[in-house]
Amino acid sequence: MNKPILISGIQPTGKLHLGNYLGVLKNFVELQNSDKYQCYFFIADYHSLTEDFNTKEKSKQILDLIADYLAAGIDPKKSVIFIQSAVPAHVELAVILNNFTPFGELRRMTQFKEKSQENPFNINAGLFDYPVLMAADILLYDAQFVPVGEDQLQHLELTRTLARKFNSKFGKTFIEPKPLLTKAPRLMSLDDPMKKMSKSQTAGCLFIDDKPLMIKEKIKKAVTDSGKEIRYDPQIKPALSNLILIFSALSNYSIKAVERRFKNKGYAEFKKELAEIIIKTLVPFQKKKKKLKKQTSFIKKIISQGNKKANGVSSKKLLQIKEKIGLKI
Ligand code: TYM
């Protein structure tokens with residue numbers, strides 16, 4: 001029997017942070033290694049054009065993100081790795097889906113509202129239409145599962161709505177995909193536990209490329225709550241709970257086990273060990289990444305194979321879709 005299909009992507013917009021890592025990237029690798037799915041992981045480069053960008057930087061960011069994928073453990077022998085802009089069916093399906101997407105649905109999207117506020121001088125049509133391209137990314141592959149962070153759930157809900165709408169109009173064509181979340185689906189900023197960790201919030205953002213000294217410093221500076229006890233309580237101790245969550249996600253200690261380990265110990269000791277655990281995960285990753293970044297021809301080969309595979313699967317699906325809506329004579 002064929003394994004269910006799983007797909008996800010990340011935008012190449014600069015360095016990934018610990019939220020991206022614990023929310024999705026680490027999970028991509030675990031899901032791949034579970035051998036339960038046919039996995040597709042792509043670079044959402046068209047999506048990344050919705051924010052201001054620098055042409056020279058863009059191709060570097062794409063290569064860097066591929067190196068992130070590979071260094072984290074995505075294995076091109078097990079998973080298809082490809083670039084969105086090298087697979088034209090994505091935009092073609094987005095153009096088709098646009099006609100079934102009410103304007104009002106897009107206008108109420110939280111990410112659109114937030115990004116419009118952050119960048120009032122660049123509220124472009126691409127940003128508005130972002131969720132439709134995302135739906136196309138997913139529906140083209142008949143994906144049943146999509147590992148994402150919590151901030152993408154609304155987009156996934158729209159994907160499901162579009163799939164349902166299309167199916168009821170033209171007959172069963174698409175699968176309604178389900179999200180897969182980790183135990184850290186919304187990692188919070190280190191300097192403000194009420195805000196999501198995000199690269200636009202630099203002060204509270206720990207990047208996966210940060211060097212040990214920087215990691216130690218950022219964890220030392222991370223805000224904590226009043227009281228001394230190391231106790232997980234997101235309502236009363238939101239900042240500490242975020243740190244405990246990081247500890248648990250990186251060490252495979254349960255939350256309870258973290259609390260037990262630091263019973264009668266203070267914040268300083270907890271933070272010291274937390275920094276060590278982060279360093280222990282990130283340093284080997286950074287070493288692998290550094291090596292990979294020198295192997296551009298190897299990376300290009302992997303990508304060209306991945307693009308070919310993705311083009312094969314998606315172009316076939318696009319033909320079926322076009323037939324359904326009468327675009328083929
Ligand atoms: P992007 O690049 O903005 O984010 C990549 C993934 O990281 C998750 N994430 C977080 N998870 C936990 N805590 C955080 N603080 C945090 N910040 C970000 C995001 O939820 C995301 O899953 N729209 C997607 C890219 C995309 C996509 C797709 C994903 C385009 N097409 C199709 C899945 C399927 C995005 O936000 O990427």
Side-chain angles (χ1 to χ4, degrees), residues 5-28 31 39-51 53 61-62 64-65 68-69 72 80 82-85 87 89-91 93-94 97 109-112 114-115 118 126-127 129-160 162-163 175 177-202 204-208 242 245-246 249-250 310 314:
I5 295 164
L6 173 156
I7 194 162
S8 194
I10 299 181
Q11 298 182 66
T13 48
K15 295 184 282 185
L16 295 184
H17 53 68
L18 203 57
N20 301 124
Y21 184 71
L22 294 179
V24 288
L25 187 56
K26 183 169 175 279
N27 200 25
F28 288 176
L31 292 164
C39 298
Y40 290 81
F41 299 114
F42 66 96
I43 309 288
D45 56 346
Y46 274 143
H47 276 114
S48 76
L49 305 184
T50 57
E51 286 175 35
F53 63 95
Q61 289 171 337
I62 293 171
D64 199 72
L65 185 53
D68 281 330
Y69 278 9
V80 181
F82 70 95
I83 299 191
Q84 185 187 40
S85 68
V87 184
H90 290 232
V91 267
L93 180 56
L97 292 177
M109 289 288 145
T110 308
Q111 183 173 299
F112 173 66
E114 281 175 2
K115 295 213 166 164
E118 273 171 32
L127 187 64
D129 204 33
Y130 182 114
V132 181
L133 179 57
M134 181 161 161
D137 296 336
I138 298 166
L139 297 178
L140 264 182
Y141 295 85
D142 291 326
Q144 285 186 42
F145 298 102
V146 187
V148 281
E150 200 178 84
D151 61 354
Q152 296 304 307
L153 290 181
Q154 200 183 22
H155 294 163
L156 216 59
E157 203 42 58
L158 177 73
T159 306
R160 294 166 62 82
L162 289 178
I175 290 177
K178 293 189 184 69
L180 294 177
L181 298 182
T182 65
K183 60 180 173 185
R186 186 180 176 82
L187 201 72
M188 305 312 271
S189 178
L190 298 179
D191 71 335
D192 181 351
M194 296 299 129
K195 290 198 180 122
K196 187 180 69 170
M197 184 177 284
S198 125
K199 71 171 169 19
S200 56
Q201 184 80 12
T202 352
C205 191
L206 200 151
F207 294 103
I208 62 175
N242 193 44
L245 195 61
I246 298 175
L250 287 176
S314 61

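Just so it is clear, the values below take in all heavy atoms, side chains as well, and ignore hydrogens, waters and symmetry mates. Residue indices begin at 1 and follow the sequence shown. Being a predicted model, the structure only gives us computed values, none of them experimental. Both ligands and their constituent atoms are indexed starting at 1 by order of listing.
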Look only at interatomic distance and state if [X] has a nitrogen or oxygen under 3.5 Å from any nitrogen or oxygen of ligand 1.
X	value
Y130	yes
A184	no
Q152	yes
L187	yes
Q111	no
Q11	yes

Any idea which atoms of ligand 1 are less than 4.0 Å away from a heavy-atom of [X]?
X	answer
K196	15 (N)
V24	6 (C), 7 (O), 22 (O)
A44	30 (C)
G23	11 (N), 12 (C)
H47	30 (C), 31 (N)
V146	33 (C), 34 (C)
I138	32 (C), 34 (C)
D137	28 (C), 30 (C), 31 (N), 32 (C)

Q) Are H17 and ligand 1 in contact, using a heavy-atom cut-off of under 4.0 Å? A)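 Within the 4.0 Å threshold, so yes.
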**Q.** Min heavy-atom dist S8 to ligand 1 below 4.0 Å
**A.**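 Judged by the 4.0 Å heavy-atom criterion, S8 does count as contacting ligand 1.
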Q: Apply the test side-chain contact (heavy atoms from CB on, under 4.5 Å) to residues L180 and L6: give CA-CA distance (whole Å), side-chain angles for both, the deciding distance (0.1 Å), then the verdict.
A: CA-CA 10 Å; L180 294 177; L6 173 156; 4.0 Å; yes
[atom]: nearest protein contact (heavy atom, Å):
atom	value
atom 9 (N) of ligand 1	N20 ND2, 3.7 Å
atom 10 (C) of ligand 1	G19 O, 3.7 Å
atom 22 (O) of ligand 1	G149 N, 3.1 Å
atom 27 (C) of ligand 1	G9 O, 3.8 Å
atom 19 (C) of ligand 1	D151 OD1, 3.3 Å

Q | Parallel, tilted or perpendicular: ring planes of F28 versus Y69, cut at 30 and 60 degrees | A |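 F28 and Y69: perpendicular rings.
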Q) For atom NZ of K195, is the number of surrounding heavy atoms from other residues, nucleotides or ligands below 6.0 Å larger than 12? A)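 Result for NZ/K195: open.
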So which heavy atom on [X] is nearest to which on [Y], and how close?
X	Y	answer
P147	V24	O-CG1, 3.8 Å
K199	K15	CD-O, 4.3 Å
A163	L139	CB-CD2, 3.9 Å
I43	P12	CG2-CG, 3.6 Å
P177	V146	CB-CG2, 3.8 Å

Q) What is the distance from atom CG of L18 to atom CG of L25, rounded to the nearest 0.5 Å? A)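 So the gap between those two atoms works out to 11.0 Å.
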Q) Could you give the distance from CD (Q152) to OG1 (T110), rounded to the nearest 0.5 Å? A)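 Q152 atom CD to T110 atom OG1 measures 10.5 Å (nearest 0.5 Å).
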Q) Between P147 and ligand 1, which part of the residue brings a heavy atom under 4.0 Å of the ligand: side chain, backbone, both or neither? A)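 Looking at P147 and ligand 1, no heavy atom falls under 4.0 Å.
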**Q.** Part of F42 with heavy atoms under 4.0 Å of ligand 1, whether side chain, backbone, both or neither
**A.**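 For F42, the contact with ligand 1 is made by the side chain alone.
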Q. Does Y141 have its ring centroid less than 6.0 Å away from the ring centroid of H90?
A.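 Yes: the rings meet the under 6.0 Å criterion.
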Q.
Less than 4.5 Å apart, side chain to side chain, heavy atoms only: is that true for L181 and L153?
A.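 Yes; the side chains approach each other to less than 4.5 Å.
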**Q.** Residue pair D191, Q201: steps toward the side-chain contact (heavy atoms from CB on, under 4.5 Å) verdict
**A.** CA-CA 9 Å; D191 71 335; Q201 184 80 12; 3.9 Å; yes
**Q.** Side-chain H-bond candidate by donor/acceptor type, Q11 with Q61, under 3.5 Å
**A.**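 No, no side-chain donor-acceptor pair sits under 3.5 Å.
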